[in-house]
Engineer: 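What follows is a single structure, and I will ask about it in a moment.
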Amino acid sequence: MVITNNTTLPEEAELNVQELNLSSAAMRAGAFHLGKQCEQENNEFMLCRQELDDPRACLGEGKAVTSCALNFFRKVKKTCHEEFMQYATCLDKSSGTMAFAQCRKTQGVFDKCVKDNFDWERPSYGYFSRAKVIQSAREAPKKEEIKSYPDATPGLPEDYPKPPAKYGSRFHWLE
């Protein structure tokens, strides 16, 4: 996006939102359930960004995503804090890449706590990569009409003399 003198930027107050103050291990530990619970908000935000191609127009949707994530982690902290922290610590300490394979037991304990308290199922493998049709309350942006221009160079008239090529045809084998 090119910024010119005519570009209006949002005010500082519009951009300030409470941030998620979590480590990458904690975000990774809650990622599957967070993605499922905040799927509608995430889809709206990504659809807005893709269709409008202007981040300023999607500030409200971005705030909704952040708010949903904050609410999700607050709920988890109230009911499954111990299980969540064990899982996040396992991810952080078990490997340098925070691989899930070494932490399946703590993952199972956390998933059971979430299932018992919220009745949230862990999304199946490949859930987030499946194709989905998104139903949005926002209007689709208006599509630009395809401009058609008349041919700038008129063709030769049919009776115009066409002498043979001076140095022969490029397709000499067809003659």
Side-chain angles (χ1 to χ4, degrees), residues 1-3 7-143:
M1 182 176 153
V2 177
I3 296 180
T7 305
T8 57
L9 296 175
E11 296 294 323
E12 182 81 23
E14 291 179 73
L15 299 175
N16 284 339
V17 293
Q18 183 180 356
E19 294 183 10
L20 290 172
N21 191 14
L22 295 172
S23 67
S24 53
M27 288 291 286
R28 193 165 168 87
F32 288 95
H33 293 289
L34 172 66
K36 181 74 171 142
Q37 297 311 310
C38 297
E39 184 174 21
Q40 183 64 32
E41 290 84 356
N42 284 323
N43 288 343
E44 282 291 328
F45 176 68
M46 294 308 294
L47 191 63
C48 178
R49 288 290 309 268
Q50 183 69 34
E51 287 181 344
L52 301 180
D53 198 27
D54 184 5
R56 298 169 299 166
C58 304
L59 289 176
E61 287 84 352
K63 287 179 182 179
V65 170
T66 305
S67 174
C68 181
L70 282 168
N71 291 335
F72 169 80
F73 282 111
R74 285 180 185 140
K75 288 178 188 175
V76 168
K77 185 177 179 180
K78 281 182 186 175
T79 56
C80 299
H81 179 70
E82 188 63 35
E83 295 87 348
F84 177 75
M85 289 310 296
Q86 285 177 352
Y87 184 36
T89 304
C90 179
L91 286 173
D92 193 25
K93 308 260 185 212
S94 65
S95 73
T97 60
M98 289 191 237
F100 292 109
Q102 291 86 2
C103 302
R104 294 298 181 198
K105 289 181 183 175
T106 53
Q107 174 188 328
V109 172
F110 174 61
D111 287 346
K112 184 179 181 327
C113 179
V114 169
K115 173 73 173 147
D116 294 343
N117 291 306
F118 302 113
D119 198 31
W120 294 342
E121 289 281 338
R122 183 180 185 87
S124 61
Y125 184 75
Y127 173 81
F128 295 108
S129 61
R130 291 185 197 133
K132 298 176 185 89
V133 176
I134 307 300
Q135 300 297 328
S136 177
R138 279 187 319 104
E139 275 187 31
K142 295 179 181 170
K143 296 180 181 175

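Keep in mind that this is a model prediction, so the values were computed, not measured.
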Engineer: For residues 76-90, please give each side-chain donor-acceptor pair under 3.5 Å, one per line with the distance, not counting sequence neighbours.
Structural biologist:
unit_1, atom_1, unit_2, atom_2, d
T79, OG1, K75, O, 3.1
Y87, OH, Q107, OE1, 3.4
T89, OG1, M85, O, 2.7

Engineer: Got a sec, which residues hit side chain to side chain donor-acceptor pair (under 3.5 Å) with E14, two or more places apart in sequence or on another chain?
Structural biologist: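 With neighbours one apart ignored, the set is empty.
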
Engineer: Would you please name every residue forming a ring-ring contact (aromatic ring centres under 6.0 Å, His included) with F128, sequence neighbours left out?
Structural biologist: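 F128 satisfies ring-ring contact (aromatic ring centres under 6.0 Å, His included) with no other residue.
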
Engineer: Has the side chain of R56 got a donor or acceptor atom that lies under 3.5 Å from a matching backbone atom of T8?
Structural biologist: yes

Engineer: With sequence neighbours left out, what residues match K143 under salt bridge (charged side-chain N to carboxylate O under 4.0 Å, His left out)?
Structural biologist: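 If we apply the salt bridge (charged side-chain N to carboxylate O under 4.0 Å, His left out) test to K143, skipping adjacent residues, there are no hits.
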
Engineer: Rounded to the nearest 0.5 Å, what's the gap from CG on L20 to CG on L34? Could you check?
Structural biologist: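 That separation rounds to 8.0 Å.
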
Engineer: Can you name the residues that form a salt bridge (charged side-chain N to carboxylate O under 4.0 Å, His left out) with D92, not counting sequence neighbours?
Structural biologist: none

Engineer: Near N21 CG, under 6.0 Å, is it more than 12 heavy atoms from other residues, nucleotides or ligands?
Structural biologist: no

Engineer: Can you tell me how far the CZ atom of R130 sits from the OG atom of S124, to the nearest 0.5 Å?
Structural biologist: 3.5 Å

Engineer: Please report, to 0.1 Å, the donor-acceptor pairs under 3.5 Å made by any side chain of residues 39-49, with sequence neighbours excluded.
Structural biologist:
unit_1, atom_1, unit_2, atom_2, d
E39, OE1, Y127, OH, 2.7
E39, OE2, Y127, OH, 3.2
N42, ND2, C38, O, 3.1
N43, ND2, E39, O, 3.3
E44, OE1, S136, OG, 3.0
E44, OE2, S136, OG, 2.9

Engineer: If I take atom OG from residue S67 and atom CZ from residue F72, how far apart are they, to the nearest 0.5 angstrom?
Structural biologist: 14.0 Å

Engineer: For Q18, check side chain to side chain donor-acceptor pair (under 3.5 Å) against everything at least two apart and list the hits.
Structural biologist: R74

Engineer: Under the ring pair (Phe, Tyr, Trp, His ring centres under 6.0 Å) rule, what pairs show up with a residue in residues 88-107, not counting sequence neighbours?
Structural biologist: F32-F100

Engineer: More than 12 foreign heavy atoms under 6.0 Å from CE of M27: is that the case here?
Structural biologist: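 For M27, atom CE is not crowded (no more than 12 foreign heavy atoms under 6.0 Å).
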
Engineer: Distance from R138 atom CZ to L52 atom CG, nearest 0.5 Å?
Structural biologist: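 So the gap between those two atoms works out to 5.5 Å.
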
Engineer: Suppose we screen for side chain to side chain contact (heavy atoms under 4.5 Å, CB included). Which residues come up paired with T97, at least two apart in sequence or across chains?
Structural biologist: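 T97: side chain to side chain contact (heavy atoms under 4.5 Å, CB included) contacts with S95, A99.
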
Engineer: Could you pull out all residues at least two apart from D119 that satisfy side chain to side chain donor-acceptor pair (under 3.5 Å)?
Structural biologist: K115

Engineer: Are the aromatic rings of H33 and F118 close, with centres under 6.0 Å apart?
Structural biologist: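 Ring-ring flag for H33/F118: false, centres at least 6.0 Å apart.
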
Engineer: Apply the test side chain to side chain contact (heavy atoms under 4.5 Å, CB included) to residues Q37 and V114: give CA-CA distance (whole Å), side-chain angles for both, the deciding distance (0.1 Å), then the verdict.
Structural biologist: CA-CA 12 Å; Q37 297 311 310; V114 169; over 6 Å; no

Engineer: Can you list everything that forms a salt bridge (charged side-chain N to carboxylate O under 4.0 Å, His left out) with R104? Sequence neighbours excluded, please.
Structural biologist: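 For R104, no residue satisfies salt bridge (charged side-chain N to carboxylate O under 4.0 Å, His left out) once neighbours in sequence are set aside.
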
Engineer: I'd like to know if the side chain of R28 and the backbone of M98 have a donor-acceptor N/O pair within less than 3.5 Å.
Structural biologist: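 Present.
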
Engineer: How long is the straight-line distance from SG of C58 back to CD of Q50, given to the nearest 0.5 Å?
Structural biologist: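 Answer rounded to 0.5 Å: 10.5 Å.
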
Engineer: Side chain to side chain donor-acceptor pair (under 3.5 Å) with N117: which residues, sequence neighbours excluded?
Structural biologist: none

Engineer: Please give me the minimum heavy-atom distance between S129 and G126, naming the atom from each residue.
Structural biologist: OG-O, 3.0 Å

